[in-house]
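Only heavy atoms go into these numbers, but all of them, side chains included; no hydrogens, no water, no symmetry mates.
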Amino acid sequence: LLSRLVGKDWIGAFGSTLLDHSHWDVRLHAVRFLGQCHRQEAPLLLEKRMAVETEGLVRQAIESVMSDWLRIDSQDS
């Protein structure tokens, strides 16, 4: 919904806030969207979140996104 309302520019303004949200499902959706947007700041945001994330589903989503990015990068090389 955010991407439809304000485009992908919400990441700079709200990315950290959503990744630090107290509800795990909000964090999960933020991770999934970051995985699709391929913004330059997305990997750093996810690495920071992974260092403190305790919810298993969110950690799995971060690992999946990071793995997908590595796979895509290796195919581009």
Side-chain angles (χ1 to χ4, degrees):
L1 182 59
L2 273 175
S3 60
R4 290 187 204 131
L5 294 175
V6 296
K8 293 182 180 177
D9 292 334
W10 70 268
I11 295 170
F14 302 108
S16 292
T17 301
L18 291 172
L19 288 173
D20 292 337
H21 198 278
S22 61
H23 296 284
W24 67 268
D25 54 340
V26 173
R27 297 192 309 272
L28 180 63
H29 288 289
V31 167
R32 288 178 177 165
F33 182 79
L34 284 169
Q36 296 172 359
C37 73
H38 303 287
R39 292 285 302 242
Q40 184 175 352
E41 63 270 27
L44 181 58
L45 289 171
L46 291 182
E47 287 174 8
K48 286 181 179 180
R49 184 66 221 170
M50 185 62 143
V52 297
E53 183 59 58
T54 58
E55 175 58 46
L57 290 175
V58 179
R59 290 184 64 81
Q60 287 176 351
I62 294 171
E63 290 170 353
S64 177
V65 165
M66 301 291 266
S67 174
D68 288 347
W69 285 341
L70 289 173
R71 184 179 42 79
I72 290 168
D73 287 346
S74 68
Q75 290 174 353
D76 289 344
S77 299

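Between Ile62 atom CD1 and Leu19 atom CG the span is 7.0 Å, to the nearest 0.5 Å. Taking NZ from Lys48 and CG from Leu45, the interatomic distance works out to 7.0 Å, rounded to the nearest 0.5 Å.
Contact detail for Ala30 and Leu18: the closest heavy-atom pair is CB-CB, 3.9 Å. Residue Trp69 comes nearest to Ala42 through the heavy atom pair CH2-CB, 3.7 Å, listed as atom of the first residue, atom of the second, then distance.
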Sequence neighbours left out, cut at 3.5 Å: what donor-acceptor pairs do the side chains of residues 50-57 make with other protein atoms?
unit_1, atom_1, unit_2, atom_2, d
Glu53, OE1, Arg27, NE, 2.8
Glu53, OE1, Arg49, NE, 2.8
Glu53, OE1, Arg49, NH2, 3.2
Glu53, OE2, Arg27, NE, 3.4
Glu53, OE2, Arg27, NH2, 2.9
Glu53, OE2, Glu55, N, 2.9

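Although no hydrogens or angles enter the test, the distance criterion places no donor-acceptor pair under 3.5 Å between the side chain of His23 and the main chain of Asp25.
Side-chain contact between Leu34 and Val65 is absent, with no heavy-atom pair separated by less than 4.5 Å.
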